[in-house]
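In the text below, chain A, chain B and the rest are named by the order of the sequence lines, each starting its count at 1.
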Amino acid sequence: MNYKSVTGTRDVLPDEQPYWRFIEKKIYEITSLYGYQRVDPPVFEQTRLFIRGVGETTDIVEKEMYTFLDKGKNSITLRPEFTAGVMRLYLQNGMHVLPKPVKLFSIGPIFRYERPQAGRFRQHTQFNVEALGELDPAIDLEVMSIAWQLYAELGFKGLTFQLNSTGCPECRPKYIETLKAYYKNHIDVICDDCKRRLDRNALRLLDCKKDSCQPVIAKAPVISEHLCDECRDHFQTLQSYLNLMGRPYTINHKLVRGLDYYTKTVFEVWAQGIGSQNAVCGGGRYDGLVEQLGGQFTPGIGFGSGIERIILSMKEQGIEPDPILSPIVMIAHSGEAGRKKAVEMTFKLREQKMPTLLSFGERSLKSQLREANRRQVKFVVILGEREIGENIAAIKDLHEGKQVDIPLDETIKFIAEKVKL
RNA sequence: GUGGGCGUAGCUCAGUUGGUUAGAGUACCAGGUUGUGGCCCUGGAUGUCGCGGGUUCAAAUCCCGUCGCUCACCCCA
């Protein structure tokens with residue numbers, strides 16, 4: 001084999017397409033139900049947008065971006081997430097004059113240079129939702145509900161949100177100091193990774209999976225008990241809304257997200273069947289981001305959901321997507337006149353929106369029938385010497401195993417009626 | 001970036017302590033029906049045994065290197 005797909009990328013073959021269609025269809029239905037409009041920012045942006053938007057010290061920016069110089073010597077980066085690009089799109093196109101909240105969604109590929117594993121790829125596809133300009137926790141509920149309803153309508157069972165609040169620039173730094181102080185008293189028992197986290201990204205200390213660190217995490221100060229009044233109110237109101245709607249959720253004190261811009265609400269939806277990953281969906285509130293990128297203060301909340309992970313999880317749970325319609329008629333033929341008639345009839349049937357296949361070349365009727373069977377069509381129209389001579393078509397129903405002769409000029413009508421049934 | 005497992009036919013895999021022309025299932029093609037699919041029967045085609053080097057009379061098998069895939073860690077959808 002001379003050429004292979006690049007590490008961490010994958011081919012989506014016909015067998016998997018029904019999943020994609022099914023999911024996309026549900027996304028369109030639900031976003032329009034909630035009043036979200038689609039936007040498509042470009043796949044690449046100026047590198048500095050992501051550095052500023054995602055955060056200089058995040059893993060994504062430090063080691064996972066596909067960054068290159070184009071021929072004009074501009075530093076370009078394939079998007080490692082949607083939010084920064086959507087914020088840029090919002091500002092550049094003056095969308096801040098629209099009635100708030102501005103509610104947007106996107107679907108498209110995301111690129112991160114990571115080691116691939118089950119449920120993780122270097123190119124994956126995200127369904128992304130953003131709501132801008134609204135502080136009311138009801139918008140948090142709305143955004144979370146989009147994710148919820150999508151998975152519910154796809155057929156997922158036993159859904160639960162993982163929920164936490166990461167505070168705001170007011171209360172979070174104070175909490176981080178408290179957390180650091182606590183950890184410094186236990187520095188002799190924590191793992192090397194955690195020692196590094198203590199300096200660089202203290203919130204991630206809580207997410208360590210090493211057994212030896214668990215006792216320390218268990219007794220660590222909890223952020224929800226260190227929130228400022230505003231953040232605590234927001235968090236409590238959101239919980240009351242979730243209770244009202246009967247949406248199950250688990251307060252997860254260890255849930256911190258890897259991007260710098262999150263404030264207040266952070267959440268994930270977990271699923272089975274995606275290897276050691278568990279999130280099909282992750283998101284939260286980012287009230288300072290638009291300002292950070294040069295706009296006016298504009299609160300926002302959103303999430304990203306990985307479609308490949310949704311599909312893996314659907315397969316795991318045995319959820320079948322709606323099938324894609326395949327051709328139901330095939331035209332077989334023999335002899336010069338039959339062949340001509342077959343070409344003509346194929347295209348006429350397609351003009352009538354009848355999904356039709358033409359048998360190509362000069363082959364035995366047996367081999368044409370075999371192909372028809374393999375392609376799972378229901379009807380085969382046979383146009384051979386006998387049929388042409390008698391000005392008829394033989395129509396064989398492969399499911400029933402029955403065959404009838406129909407006058408040539410009535411065959412299209414005959415099939416059209418059969419197919420309707 | 002770190003660690004484990006694995007690279008044999010289009011696909012899924014077998015290949016015993018190194019030993020003749022490397023196998024099975026499935027898919028594919030043909031015949032069994034000189035105009036009729038599926039099921040069944042018979043036959044056929046298909047491989048640089050990932051790549052490079054080494055050990056040996058002899059390597060798919062052992063050793064080294066390399067590339068790739070995969071799972072996990074970090075992190076994330």
Between the base of B:rG35 and the side chain of A:Glu387, is one N or O donor paired with an acceptor at under 3.5 angstrom? yes
At less than 3.5 Å, do the side-chain atoms of A:Lys396 and the base atoms of B:rG37 form a donor-acceptor pair? yes
Has [X] got a side-chain N or O lying under 4.0 Å from the OP1 or OP2 atom of [N]?
X	N	answer
A:Arg363	B:rC29	no
A:Thr7	B:rG68	no
A:Ser367	B:rC29	no
A:Gln117	B:rA72	yes

Closest-nucleotide mapping onto RNA chain B: is A:Ile307 or A:Pro116 further toward the 5' terminus? I mean the 5' end. A:Pro116
Tell me whether A:Glu308 is salt-bridged to A:Arg120, with the criterion being a basic N under 4.0 Å from an acidic carboxylate O. no
Roughly, in whole Å, what's the span from CZ in A:Arg374 to P in B:rC28? 6 Å
Using the side chain to side chain contact (heavy atoms under 4.5 Å, CB included) definition, which of the options A:Ile311, A:Ile310, A:Val280 pairs with A:Ile274? A:Val280
With A:Arg172 as the cation and A:Tyr175 as the aromatic partner, state whether NZ or CZ is under 6.0 Å from the six-membered ring centre and within 45° of the axis. no
Applying a 3.5 Å limit to both distances, which nucleotide forms a Watson-Crick or G-U wobble pair with B:rC29?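 Pairing partner, where one exists within any strand: B:rG43.
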